[in-house]
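All residue numbers in this chain count up from 1 along the given sequence. This one's a predicted model, so the numbers in the text were calculated from it and none came from an experiment. What's counted below: heavy atoms across the whole structure, side chains too, no hydrogens, waters or symmetry copies.
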Amino acid sequence: MLEQAVPNKSGDDATLSRKQVAMRERESELLDIACGIVEREGFAQLNMDKVAAASPYSKGTIYNHFNSKEDLFAALAIQALGKKIPLFKRALDFEGSSREKLIAMHVGMHLFSRLSPILAMCALVSRTPAVTEKSAPERLEKLNTLEELVVSLGDQFIELGQSSGDIVLAPGITSDSIVFANWAMAFGTSSLVNNATQSSCISRQLGTNIVLQNLNFLLDGMRWAPLSCDFDYQKTWERAETELFGNEIALLENQS
């Protein structure tokens with residue numbers, strides 16, 4: 001007897017068998033368990049034995065999903081990218097100038113890093129040689145595909161800036177360079193703000209929107225108009241929180 005197909009929860013038109021749905025849900029449960037271990041003990045302490053001990057499943061069942069702890073890291077990175085993509089798309093639809101849309105994207109990314117700090121760090125951990133050498137090839141292929149999608153969404157912000165005349169790229173500067181600079185600034189700033197609160201460099205800026213401050217340094221340096229001296233981007237930040245990311249703000253408030 002064929003297994004009955006059920007709607008795919010990802011929202012596309014494909015269908016999954018009940019067994020496939022159960023596998024997907026179990027994998028999500030295992031990733032949540034892995035995140036909990038990393039949150040308590042750090043990335044270096046994650047291993048398959050600990051995941052098995054914290055779950056209702058045998059180690060053999062866990063190996064049916066992930067071939068190693070490195071494969072787990074790659075799966076966590078895929079989960080992270082899956083959560084980021086809708087944030088980028090929301091920001092692209094934000095009402096405002098090209099720079100305001102880009103700032104809205106950074107609002108979403110910063111909220112994501114606060115809500116899911118472990119997943120946010122997986123962007124770095126999943127790309128170390130130790131992880132890429134031991135992850136399942138099909139997992140890495142999916143990771144690469146999602147990363148390319150995220151980068152292509154990043155390109156769209158730059159294209160909007162160019163087409164509107166808000167930014168003119170200097171000779172030798174490419175869209176790739178600007179997308180990377182934005183990612184590096186966002187990742188680095190959020191990582192420090194979330195993990196180095198005892199640093200005097202961070203603590204003496206309490207009460208400052210450090211992410212927006214650094215973003216304005218970056219975008220003003222690129223001459224992305226309007227410049228921050230001519231426009232109140234703090235209001236843009238607050239508007240993006242209200243209009244685009246109300247659910248994320250509510251989740252953060254519930255955590256506090």
Would you indicate whether the side-chain heavy atoms of [Y] and [X] approach each other to under 4.5 Å?
| X | Y | result |
| --- | --- | --- |
| K84 | L153 | no |
| V150 | E147 | no |
| P226 | Y233 | yes |
| L160 | L102 | no |
| F217 | M185 | no |
| Q156 | F88 | no |
| L227 | R223 | yes |
| T174 | L169 | no |

Might you work through the side chain to side chain contact (heavy atoms under 4.5 Å, CB included) test for S55 and L30, ending with a clear yes or no? CA-CA 7 Å; S55 78; L30 291 170; 4.0 Å; yes
With the 4.5 Å side-chain cut-off for hydrophobic clustering, are [X] and [Y] part of the same group?
| X | Y | value |
| --- | --- | --- |
| L192 | M109 | no |
| L87 | I118 | yes |
| L219 | V168 | no |

Determine whether a donor-acceptor pair (N or O, by modelled atom type, separation under 3.5 Å) exists between the side chain of [X] and the backbone of [Y].
| X | Y | result |
| --- | --- | --- |
| R90 | L244 | yes |
| S191 | G188 | no |
| D220 | S228 | yes |
| S113 | H110 | yes |

Is a salt bridge present between [X] and [Y], judged by a nitrogen-to-oxygen distance below 4.0 Å?
| X | Y | result |
| --- | --- | --- |
| D166 | R99 | no |
| E241 | R114 | no |
| K69 | D49 | no |

Shortest non-hydrogen contact from [X] to [Y]?
| X | Y | result |
| --- | --- | --- |
| A34 | L76 | CB-CD1, 4.5 Å |
| A104 | F94 | CB-CD2, 3.7 Å |
| W224 | S98 | NE1-OG, 3.0 Å |

Would you check, one step at a time, whether the test side chain to side chain contact (heavy atoms under 4.5 Å, CB included) holds for F66 with L31? CA-CA 10 Å; F66 313 103; L31 291 176; 3.8 Å; yes
Mark yes when over 12 heavy atoms from residues, nucleotides or ligands other than K50 sit less than 6.0 Å from its NZ; otherwise mark no. yes
Report the distance from atom [atom1] of [X] to atom [atom2] of [Y], rounding to the nearest 0.5 Å.
| X | Y | atom1 | atom2 | answer |
| --- | --- | --- | --- | --- |
| L92 | M105 | CG | CE | 8.5 Å |
| L215 | I210 | CG | CD1 | 13.5 Å |
| M222 | I178 | CE | CD1 | 5.0 Å |
| M121 | N194 | CE | CG | 10.0 Å |
| N67 | E138 | CG | CD | 8.0 Å |
| E141 | L146 | CD | CG | 11.0 Å |

Step by step, would you call V151 with W183 a side chain to side chain contact (heavy atoms under 4.5 Å, CB included)? CA-CA 10 Å; V151 171; W183 177 62; over 6 Å; no
Side chain to side chain contact (heavy atoms under 4.5 Å, CB included) between E100 and F231: does it pass, once the steps are laid out? CA-CA 10 Å; E100 287 186 283; F231 196 89; 3.5 Å; yes
